[in-house]
Amino acid sequence: MQTKKGDYNVRQSNLYIILYSAGLTIFCGAVLAFASISLKDKQDVNIALEQKGNILATVTTLEEGANVELLYAKRIRGFVIDYNGNEVPNIEPSKVAVASEYKKKPEDRLLPVYEFVNESDSSKVEAVVLPLFGYGLWNNVWGFVALGSDFNTVRGVKFAHAGETPGLGARIESEEIQVRYRGKKVFENDNLVSIVMMKGEGKNYSDDYHKVDGMSGATLTAKGINNMMKDYFGCYAKYLKKKTSALN
Amino acid sequence: MSTETVEIEKVEKKSEPLFSKKNKKLISNPLDIDNPITVQILGVCSALAITSQIKPAIVMTLGLTFVTAFSNVFISLMRNGIPSRIRIIVQLAIVSVWVILVDQLLKAYVYDMAKLMSVYVGLIITNCIVMGRLEAYAMANKPWPSFLDGIGNGLGYGIILIILAVVRELFGSGTLFKGFPFEWHVFESMGIKYQGNGLLLLPAGACILLGIIIWVQRSINGYRETH
């Protein structure tokens with residue numbers, strides 16, 4: 001028992017405590033650093049795959065177990081443009097970090113564009129998918145919007161968020177909200193109008209091309225989404241207009 | 001206070017079977033008479049926050065059970081070296097390492113699960129049950145009983161979570177197992193138009209419900225708080 005008591009006293013000494021906590025910190029830090037580095041490649045693959053899945057989900061319905069990688073390679077053609085709508089060569093669109101481009105002035109941003117091409121004729125563009133990034137109520141919101149072959153009508157949207165309120169603003173992630181954007185229009189006679197999510201829920205905006213029904217209790221998240229759309233449609237406006245005038 | 005706080009491993013016989021009567025109790029007691037939520041009143045915050053649907057309740061149960069069990073084992077292995085003045089910090093460090101490791105592994109191998117878990121990972125670290133079991137049990141017991149104690153308490157927590165979630169989801173939104181492939185719209189399938197009870201979707205509704213569960217359980221078990 002005597003030795004036990006001796007041990008106990010040693011364990012109370014300041015030197016022991018300092019050494020112990022230093023050792024523990026180094027050990028925990030090493031374990032976490034090792035885990036982070038050795039798993040990073042696998043995690044990046046997952047993140048890239050999710051990105052591809054999200055891009056495809058705006059234009060088509062992905063079935064359970066669909067080969068996202070294959071479908072993406074076949075149907076999506078990505079490139080990067082600048083604010084004036086000119087292609088910036090030699091940059092992989094997936095390498096452009098939209099989150100950090102968002103912090104720059106709109107004129108300086110690198111803007112990725114993903115074209116969804118026809119299954120048999122890859123020169124025929126069926127839709128363009130544009131990434132979006134903004135700020136909701138509590139944290140960042142982002143997503144993709146797909147415009148149909150007229151470069152004006154929304155074919156689908158996909159939103160995600162980092163910290164909106166569960167059950168309220170977080171609903172932007174749900175299919176139920178996202179389908180409301182289908183068929184809405186970005187331009188009205190060459191003027192950028194964007195699409196606005198209204199305050200309040202349950203109203204019918206099917207005859208208005210620029211308004212969608214809101215989310216009850218999440219007006220500020222909707223405001224964030226509206227700002228995000230306006231901001232990014234503004235960035236892509238020159239490119240989209242160029243494309244539209246080429247159509248006519 | 002739980003009775004286990006005073007229970008210190010006796011000088012045990014050489015070969016105690018892995019699932020001796022005492023060890024089995026480590027699993028079964030937290031399910032009922034020593035339940036972490038309804039008897040020890042720990043972990044109530046997360047029990048109110050994430051039980052509006054069954055799916056997150058199940059995910060949280062799995063996460064918490066895993067973390068409690070393995071943190072218990074580690075703290076139990078280290079228990080003779082931990083300086084008692086900084087033991088809480090040491091416990092917290094071990095819990096955090098486990099939680100982050102779990103999160104990283106999920107992100108690398110089951111990405112969908114990781115996305116679902118992401119909100120709850122922080123809640124696991126701060127869950128009083130994890131720290132409570134480390135402090136009350138693992139600091140004074142051998143690794144194997146500590147492991148069982150962790151599993152038992154995780155499941156005891158989970159039982160209450162799932163009871164709450166079933167009632168809240170059924171009467172709050174009229175569905176069961178939302179988010180699973182076998183999602184079931186209970187009232188719709190019976191042809192009844194059901195207006196969900198909004199109170200049950202709020203944490204306040206869960207608090208009332210939890211109070212009722214505690215009341216029922218205590219009157220069945222005849223449990224009294226001792227002062």
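Letters A, B, ... are given to chains in the order of the sequence lines, protein chains preceding strands, and every chain is numbered from 1.
- Relative orientation of the B:Y194 and B:F171 rings is perpendicular, given thresholds of 30° and 60° on the angle between their planes.
- Taking A:D44, A:D41, A:L49, A:L39 one by one and counting their heavy-atom pairs under 4.5 Å with chain B, the maximum is reached by A:L39.
- Residue contact with chain A, scored on non-hydrogen atoms closer than 4.5 Å, is absent for B:L201.
- One side chain, B:S46 or B:N127, offers a donor N or O that lies under 3.5 Å from an acceptor on the other.
- Of the residues considered (B:I94, B:V90, B:I100), B:V90 shows the highest number of contacts with chain A, using heavy-atom pairs under 4.5 Å.
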Return a table of donor-acceptor pairs under 3.5 angstrom between the side chains of residues 128-148 of chain A and protein atoms on other chains or two or more places apart.
from: A:Y135; atom 1: OH; to: A:W138; atom 2: O; distance (Å): 2.9
from: A:W138; atom 1: NE1; to: A:T165; atom 2: OG1; distance (Å): 2.9

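- Only the side chain of A:L32 comes within contact range of chain B, with at least one heavy atom under 4.5 Å from a heavy atom of that chain.
- Counting non-hydrogen atoms of neighbouring residues, nucleotides and ligands closer than 6.0 angstrom, the NZ atom of B:K193 reaches no more than 12 such neighbours.
- Both the backbone and the side chain of A:I47 come within less than 4.5 Å of a heavy atom of chain B.
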If you look only at distance, which donor and acceptor atoms sit under 3.5 Å apart when one is on a side chain in residues 211-218 of chain A and the other is two or more places apart or in another chain?
from: A:D213; atom 1: OD1; to: A:G202; atom 2: N; distance (Å): 3.1
from: A:D213; atom 1: OD1; to: A:K203; atom 2: N; distance (Å): 3.3
from: A:D213; atom 1: OD2; to: A:G202; atom 2: N; distance (Å): 2.8

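- For a residue to count as touching a neighbouring chain, one of its non-hydrogen atoms must lie under 4.5 Å from one of that chain's; by this rule A:L24 touches chain B with the side chain only.
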